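These figures come from a predicted structure and were not determined experimentally. Naming convention: chains lettered A, B, ... in sequence-line order (proteins, then strands); numbering from 1 in each chain.
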Amino acid sequence: MHIVLQQLDGARVRVVHLEDRPTSSGEPPPVSETTIPRADLAAFVRRLEAEPNPPRWVWDDTTLWYPALLAVGVRVARCVDLRLSHNLLRNAAFTADSALATAPAGPWDEVLDPRVAQRAEAVGTLFDLDLPGGERDPVAEFTLQRDAVDGATPQGRSQLGLLLAAESAGALIATEMTFAGLPWDAEAHDRILADALGPKVPPGVRPAKLAAVLEEVKAALGVQELSPESPGELLKALQRAGINATSTRQWELQEIEHPVIEPLLRYKKLSRLLTANGWTWVETWVKNGRFRPTYVPGGVVTGRWASDGGGALQLPHQVRGAVLADEGWRFVVADAAQLEPRILTAMSGDRAMADAGRGVDLYQGMVDVGAVDTRPHAKIAMLGAMYGATTGESGRLLPRLTRAFPRAIEFVETAARAGERGERVSTRLGRTSPLPGETWREIQSAASMEGANAAATQRARMEARSWGRFTRNFVVQGTAAEWALCWMAGLRTRLQALAAETVGPAAALTESAHLVFFLHDEIVVHCPEHQTERVVALVREAAAEAGRLIFGTAPVEFPVTTAVVTSYADAK
DNA sequence: TACCCGCGCCAC
DNA sequence: AAACGTGGCGCGGGTA
């Protein structure tokens, strides 16, 4: 059962019940339609969610509907996020011939103004908002989407079905994680800052320890004045001191022998801490003991999540000591070990690599089967193969890797060559890469014209290789993102069941174990101390299930490492 | 003053 | 060791 919701003008919500489609008949599914006062929506959803088989809610955009429900303690088990699904189906190779994909761009292709979603979150209700694309009919759109999926091959149907479900589950999880927030101890954060930088100072003032390091830098350079925050000025100062640097990047500077380098790198590290995650960051982002960033499911072209605000997906290890569980609670931190190489193993069906991945450490396994000599080499070689490295150590190790794991390497090479020809590639579940832009095509055709000069040819090859590196990585990174979504969705369902069992069917999100953070291949569950063992088991169950869902019986394992900690800093 | 872009660094 | 994928974000320094 699906229930489509649409906000109408005035104080009403359109509610359309759709039965599941019969498997093979052209009969339109039975429909019943009504409207309810918007003030009654939360109670309506709550009532249906309490029934044995709750519906799948179909709405235009989870960020517009779900915060208001969570704010009054209503959770939903499943949804269809039409905007995310539309985006997938418009571009998917599986549905390229569908009416949905071949229609001109319409209101469902418009990007939602993030300010609207943010207001929905802040106000806790979407009903005062002036929503865009007022003529968007979710029932018509949902029908088009189901037609598109039904028109795909049987394989396409099942894979896309899983992808759409996972993507929509991700939308629910993202909203729930913002609602719950990541526990953040502002005082612990202040202590970390004071240790590193000295006592708190107002914005614009250089903290004592940072100022002291600057004095060391100036002394080593023999200058009276220096603003290291200005790369241009810093570079000139270094050159005046006889240092042949072409930039002020860390990796270039650390190769140089000079007394200024050590204090300068120390200065940069501290300065980064101050500007990116200093006192201003805490004041801006930590409220009532929680950090609540906005997560953006599907925000990355490969299907990874992006985030908006506070740099949520780039929290430095340096400040993770401020992420502290509530009294009597713990974090269960779980990490999928070497996820991307394992994804590549499963996609390519490389038996030798599957053998190497039998244990928890795939890279060590590659050493043990005699493919490479050391674990660091295994890691560098694998990452290089997935990113398209050609030079340096990765490049040198690639031939060995190709000999040991021919099918895995052939798989990414094939994806790269497709990209170099300007073709699209798809993930396991059917997310399809975009086509290169107009400029790219012009560069390629200019090079293939008669009498094209060497520079044009060179440019075209460079651009082709670059797009090939993108498609090479897309298939692996994108499929890893799909695995992670399935993992997290499976865990969410299990945590919801655990909450119903231990607290009761109407348990609020934060009364029981719940997800608070997600970082591409890592999840953090905030969890009452006595539940940690059960949660660890659920995390492992969900990982095994994700592998089965996406790859069936392929002989590839997806081990997860888990840690039960009070401080996120202790997880790794 | 508001915006834009390159630089540099954080995460995976 | 150094150039090979996806991002967010703060800064300096430029321009409208």
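Considering only side-chain atoms of A:Lys268, the nucleotide from C:dG8, C:dC4, B:dC9 that sits closest is B:dC9. Closest approach to the A:Glu229 side chain among B:dC9, B:dC12, C:dG12 is made by C:dG12 (side chain taken as heavy atoms from C-beta onward). The side chain of A:Ser247 sits closest to B:dG8 out of B:dG8, C:dC4, C:dC9. Set against C:dG5, B:dC7, C:dC4, the side chain of A:Phe470 has C:dG5 as its closest nucleotide. Closest approach to the A:Pro316 side chain among B:dC10, C:dG7, C:dC4 is made by B:dC10 (side chain taken as heavy atoms from C-beta onward). Closest to the A:Arg320 side chain, of the nucleotides C:dC4, B:dC12, C:dT6, is B:dC12. When distances are taken from the side chain of A:Arg304 to each of B:dA11, C:dG13, C:dG5, the shortest belongs to C:dG5. Side-chain atoms of A:Lys269 lie closest to B:dC10 of the nucleotides B:dG8, B:dC12, B:dC10. Residue A:Ser230 places its side chain closer to C:dG13 than to any other of B:dC9, C:dG13, C:dT6. Among the nucleotides B:dG8, C:dT6, B:dC10, the one closest to any side-chain atom of A:Gln477 is C:dT6.
Judged by closest nucleotide on DNA chain C, A:Glu255 is the one of A:Leu313 and A:Glu255 placed further toward the 5' end. In terms of position on DNA chain C, the residue among A:Gly232 and A:Val300 whose nearest nucleotide sits closer to the 5' end is A:Val300.
Taking the centre of each ring, A:Phe291 and A:Trp281 come in below the 6.0 Å mark.
Contact annotation for A:Leu315: backbone-only contact, meaning every heavy-atom pair under 4.0 Å involves sugar-phosphate atoms and none involves a base. In this structure, A:Gly299 reaches neither bases nor backbone, as no heavy-atom distance under 4.0 Å exists between it and the strands shown. Note on A:Glu340: nothing from the nucleic acid sits closer than 4.0 angstrom, heavy atoms only. Using a 4.0 Å heavy-atom cutoff across all strands shown, A:Lys572 reaches sugar-phosphate atoms only and no base atom. Using a 4.0 Å heavy-atom cutoff across all strands shown, A:Arg465 reaches no nucleic acid atom at all. No engagement by A:Val476 is indicated, since no non-hydrogen atom pair under 4.0 Å with the nucleic acid exists. Nucleic acid contact class of A:Gly392 (heavy atoms, under 4.0 Å, all strands): none. Residue contacts for A:Arg469: at a heavy-atom cut-off of 4.0 Å it reaches the sugar-phosphate backbone alone, with no base atom in range. Within the 4.0 angstrom heavy-atom criterion, only backbone atoms of the sugar-phosphate kind lie near A:Thr248; the bases stay farther away. At a threshold of 4.0 angstrom between heavy atoms, the contacts of A:Gly309 are confined to the sugar-phosphate backbone, with no base atom among them.
Counting non-hydrogen atoms of neighbouring residues, nucleotides and ligands closer than 6.0 angstrom, the NZ atom of A:Lys236 reaches no more than 12 such neighbours.
One can place CZ of A:Phe474 at 18 Å from C1' of C:dC4, the figure rounded to the nearest angstrom. As rounded to whole Å, 11 Å separates atom C1' of B:dC12 from atom CG of A:Asn473. The NE2-C1' distance, from A:His520 to C:dG5, rounds to 12 Å in whole Å. Look at CG on A:Leu264: it is 12 Å from C1' on B:dG8, rounded to the nearest Å. Rounded to whole angstrom, the span from the OH atom of A:Tyr387 across to the P atom of C:dC4 amounts to 13 Å. The nearest whole Å value for the distance from the CH2 atom in A:Trp285 to the C1' atom in C:dG8 is 11 Å. Summarising the geometry, the separation between CG on A:Leu226 and P on C:dG12 is reported as 13 Å, rounded to the nearest angstrom. Protein atom CD of A:Glu393 is 7 Å distant from nucleotide atom C1' of C:dA1, rounded to whole Å.
With hydrogens and angles left out, the side-chain atoms of A:Tyr267 and A:Glu229 include a donor and acceptor closer than 3.5 Å. Looking at A:Thr246 and A:Glu252, their side chains do bring a donor and an acceptor atom within 3.5 Å of each other.
In terms of phosphate contacts, A:His317 brings a side-chain nitrogen or oxygen within less than 4.0 Å of OP1 or OP2 of B:dC12. Distances shorter than 4.0 Å separate none of the side-chain N or O atoms of A:Thr302 from OP1 or OP2 on C:dG5. The side chain of A:Ser307 places no N or O atom within less than 4.0 Å of a non-bridging phosphate oxygen (OP1 or OP2) of C:dG8.
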Test log, rule salt bridge (Lys or Arg N to Asp or Glu O under 4.0 Å), inputs A:Arg461 and A:Glu420: CA-CA 8 Å; A:Arg461 285 174 68 88; A:Glu420 288 170 7; over 6 Å; no
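With A:Val332 as the partner, the side chain to side chain contact (heavy atoms under 4.5 Å, CB included) test is satisfied by one option alone out of A:Val525, A:Leu491, A:Leu515: A:Val525.
Side chains of A:Phe558 and A:Trp487 form no contact here, defined as non-hydrogen atoms less than 4.5 Å apart.
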